[in-house]
Amino acid sequence: MKFSQFFIPTLKEVPSEAEIPSHSLALRAGLIRKVASGIYSFLPLGFRILKKIEEIIRQEMNSTGAIELFLPVIQPSDLWKKSGRWKEYGPEMFRLKDRNKRDFCLGPTHEELITYLVHLDLKSYKNLPVNLYQIQVKFRDEIRPRYGLLRAREFIMKDAYSFCRNNDDLEVIYKKMYNAYCRILERIGLQYKVVEADTGLIGGKFSHEFMVLAENGEERLVFCPGCGYSANYEMSKSISESGKENKDKKINKWGDFTYPEQGDRCINCGKELKIEKGIEIGHIFKLGDKYSEKLDARFLDVDGKLKPLVMGCYGIGVSRILAAAIEQLHDDKGIIWPPSIAPFTVNIIVTTEKNKELSKASDMIYKTLKELNVEVLYDDRDVSAGIKFKDSDLIGIPIRFILGRKFLDSRLIDVEYRKDGKKVELSVDSIPKFIKEFETANSLKPTQDEQSKK
RNA sequence: CGGGGUGUAGCGCAGUUUGGUUUAGCGCACCUGCUUUGGGAGCAGGGGGUCGGAGGUUCAAAUCCUCUCACCCCGACCA
């Protein structure tokens, strides 16, 4: 892609509305633009990143045997009334009426809809288990949208819903999804922790949250370096300095433990607990029969009895991962995309457009890279080199090929890594070898598809 | 919803206290020309705002008053 033919409106100054790096950099790098509070457009560069994240998620979902489908955003109120959440959700739900004054909502989540769908056609244990997922836009009228994409009112989410005969089967799928979520975050290249968490409005017995560690995260999490215990701050258990379990401080709603403080010890092994901040990007639940009972989703089991489907649900925030990645991977110059989700792999910078020999050579190198299936952003703009360097830092493409005086003198390309600023010299002939090595070093291959194993 | 804050050109801001020489200004960005091009270039010329909106006070309002809208931050809340 030629920069001059793409649309990357970068900003030199920090927009006044942005408080944290992920928000400010997403705006400055030309990934997003705000339309209203908590509502954003994705510009071409941001959209490319979203697609990268989606693809990794899709591959890992498919590899667990989950099947992709697509549900509507607009959902009739009847289903929500049956589940009781038409009331429960309150003003956080965007509601609307059709021309016949019938109530609808813009889906904040899809448990009701998928359960309805499944109840129509899944009648026998022979069809179970099944795990269905979609990558969809969600609408939640947050009390206070903030931090750009981190808490938006319209956002993109992958949500999966599993249906099983019993808890044993649910346990199997739950574990698969747990592992797939870990794999997704590892492939993207983010530091994260999995914690036990409250189930909130979704319901169910217990759940795990996937937290990307970041200073500006809204969530606090507690973990033990000793035994590996980890939990959302709200759910965490600890022993205070006195050696007794905290009883007299602020008690949370279960009443059997309290919020830990710095210096408190792990309830399991006694080591000192650590408290960190994170961004919740995924949450998986064992729902049991909460929705299948209410929405009458039953199947005939092998014993001839009608039983409610045992459900699980699994959500991961696609647009939130984009923001969380920036939050975790940036410096004072801009974003540092991990190669897995970078919008482009190589950024060619030609220091001047006026030198014919140089632009001829860079055209040729651009072509070479494209033939090697490398995603290239070729900065062919007729602007000063400084602008190209600054934009390149800001946008955060992993590798930079610099073509300037040195190339004219010695036919060597200066290759610079965005991550650490390290430079190497490269001859045109060795480009294929260089690319191959880079790709090998940076690729975490998709987990093999369960379907193709059979 | 409670508390705090901000709305002046695409972005960042000054001007508002004390109404009037400001035909509303500056930097960046944008357009034209020439010179430049290895870290946000230089010179010259140029385009763009009616000051969030409505109403009011006044000879006169970006500036004072009333109402209203939007956005941001803290809190409660939240996957």
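Keep in mind that the numbers below use all heavy atoms, side chains included, and drop hydrogens, waters and symmetry copies. Here is how names work: the chains are called A, B, and so on, in the same order as the sequence lines, proteins then strands, and each is numbered from 1.
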What is the distance, to the nearest angstrom, from the CZ atom on Arg33(A) to the C1' atom on C11(B)? 9 Å
Report all interatomic pairs (protein N or O, nucleotide N or O of nucleotides 27-29 of chain B) with separations under 3.5 Å.
unit_1	atom_1	unit_2	atom_2	d
G27(B)	N2	Glu13(A)	OE2	2.8

If you check every side-chain atom of Ile143(A), which of G38(B), A76(B), U37(B) has the closest atom? A76(B)
Can you list the steps and then say if Ser359(A) with Glu353(A) is a side chain to side chain donor-acceptor pair (under 3.5 Å)? CA-CA 6 Å; Ser359(A) 38; Glu353(A) 278 302 306; 5.0 Å; no
Interatomic distance at P, G53(B) relative to C69(B), whole Å: 15 Å
With the threshold set at 4.0 Å, does a side-chain nitrogen-carboxylate oxygen contact exist between Lys422(A) and Glu416(A)? no
Heavy atoms only, 4.0 Å cut-off, all strands: where does Asn355(A) land among base, sugar-phosphate and nothing? nothing
Strand partner of A62(B), provided both Watson-Crick or wobble distances fall under 3.5 Å: none
Are more than 12 heavy atoms, taken from residues, nucleotides or ligands other than Gln191(A), located less than 6.0 Å from that residue's CD atom? no
Closer than 4.0 angstrom, basic N to acidic O: yes or no for Glu276(A) and Arg220(A)? no
I'd like to know if Arg411(A) and Glu357(A) make a salt bridge, using a cut-off of under 4.0 Å between side-chain N and carboxylate O. yes
What is the base-pairing partner of A70(B), counting Watson-Crick and G-U wobble geometry with both distances under 3.5 Å? U6(B)
Can you check the distance between G5(B) and C64(B), where both ends of the measurement are the P atom (answer in whole Å)? 15 Å
Could you state the CG-C1' distance from Asp141(A) to C1(B), rounded to the nearest angstrom? 13 Å
NZ of Lys406(A) versus C1' of G38(B): gap in Å, rounded? 10 Å
Looking at every strand, decide which applies to Gly315(A) at a 4.0 Å heavy-atom threshold: base, sugar-phosphate, or nothing. nothing
Distance, rounded to the nearest Å, where Glu425(A) contributes CD and G38(B) contributes P: 18 Å
Taking only the P atom of each, what is the distance from U22(B) to G15(B) in whole angstrom? 16 Å
Roughly how far apart, to the nearest Å, are A61(B) and G19(B) at atom C1'? 6 Å
Is Ser340(A) reaching over with its side chain to a backbone N or O of Ile188(A), donor-acceptor style, under 3.5 angstrom? yes
Would you classify Arg28(A) as touching base, sugar-phosphate or nothing, given that sugar-phosphate means primed atoms plus P, OP1 and OP2, and contacts are heavy atoms under 4.0 Å? base
Can you tell me the base-pairing partner of U57(B)? Count Watson-Crick or G-U wobble geometry only, both distances below 3.5 Å, and say none if there is no partner. none
Upstream residue (5' side of RNA chain B) when Gly317(A) and Val14(A) are each assigned their closest nucleotide: Val14(A)
What is the distance, rounded to the nearest whole Å, between atom CD of Glu142(A) and atom C1' of A76(B)? 13 Å
In Watson-Crick or G-U wobble terms, with both distances under 3.5 Å, the base opposite G12(B) is C26(B)
Residues Lys52(A), Glu55(A): salt bridge by 4.0 Å N-O rule: no
Pairs under 3.5 Å (N/O, protein and nucleotides 68-72 of chain B):
unit_1	atom_1	unit_2	atom_2	d
C71(B)	OP1	Ser37(A)	N	3.0
C71(B)	O3'	Lys34(A)	NZ	3.0
C72(B)	OP2	Ser37(A)	OG	2.8

Residues of residues 183-195 of chain A with any non-hydrogen atom less than 4.0 angstrom from an atom of RNA chain B: list those, numerically ordered, please. none
Examine A41(B): is either OP1 or OP2 under 4.0 Å from a nitrogen or oxygen in the side chain of Ser384(A)? Give yes or no. yes
Tell me the partner of C34(B), counting only Watson-Crick (N1-N3 plus N6-O4 or O6-N4) or G-U wobble (N1-O2 and O6-N3) with both under 3.5 Å; none if nothing fits. G42(B)
Using purine N1 to pyrimidine N3 plus N6-O4 or O6-N4 for Watson-Crick, or N1-O2 and O6-N3 for G-U wobble, both under 3.5 Å, which nucleotide pairs with C51(B)? none
If you only use heavy atoms from C-beta on, which nucleotide in G40(B), G12(B), G38(B) is closest to the side chain of Lys390(A)? G40(B)
Rounded off to whole Å, could you give me the CZ-to-P distance for the Arg151(A) and G75(B) pair? 12 Å
Tell me which one of Asp78(A), Asp103(A), Leu79(A) satisfies side chain to side chain contact (heavy atoms under 4.5 Å, CB included) with Trp86(A). Asp103(A)
Would Lys176(A) and Tyr181(A) count as a side chain to side chain donor-acceptor pair (under 3.5 Å) if you check the C-alpha gap in whole Å, the side-chain angles of each, and the deciding distance to 0.1 Å? CA-CA 9 Å; Lys176(A) 273 188 191 172; Tyr181(A) 275 35; over 6 Å; no
Select from Leu150(A) and Arg400(A) the residue whose nearest nucleotide in RNA chain B is closer to the 5' end of that strand. Arg400(A)
Name the orientation class of the two ring planes belonging to Tyr178(A) and His208(A) (parallel below 30°, tilted from 30 to 60°, perpendicular beyond 60°). perpendicular
Quick one: sort the Tyr40(A) and His23(A) rings into parallel, tilted or perpendicular, breaks at 30° and 60°. perpendicular
Rounded to the nearest angstrom, tell me the gap between atom NZ in Lys388(A) and atom P in U37(B). 13 Å
Measure from the side-chain N and O atoms of Trp337(A) to the backbone N and O of Phe344(A), and report whether any donor-acceptor pair falls under 3.5 Å. no
Arg95(A) to Trp80(A), cation-pi by 6.0 Å centre distance and 45° axis angle: no
Would you call Arg400(A) and Asp414(A) a salt bridge, using N to O less than 4.0 angstrom? no
In whole angstroms, the gap separating C1' of U35(B) from CG of Asp382(A) amounts to 12 Å
Tell me what Lys138(A) touches on the nucleic acid: a base, only sugar-phosphate, or nothing, going by heavy atoms under 4.0 Å. nothing
How are the rings of Phe434(A) and Phe438(A) set relative to one another: parallel (under 30°), tilted (30 to 60°) or perpendicular (over 60°)? parallel
Using the P atom on both, measure U58(B) against G47(B) and round to a whole Å. 38 Å
Using the P atom as the reference point in each nucleotide, state the distance between C43(B) and G4(B) in Å, no decimals. 47 Å
Expressed in whole Å, how much space separates the C1' atoms belonging to C11(B) and C30(B)? 12 Å
Taking atom P in both U18(B) and U66(B), what distance in whole Å separates the two? 15 Å
Under 4.0 Å, counting only non-hydrogen atoms across every strand here, what does Glu416(A) touch: a base, just sugar-phosphate, or nothing? base
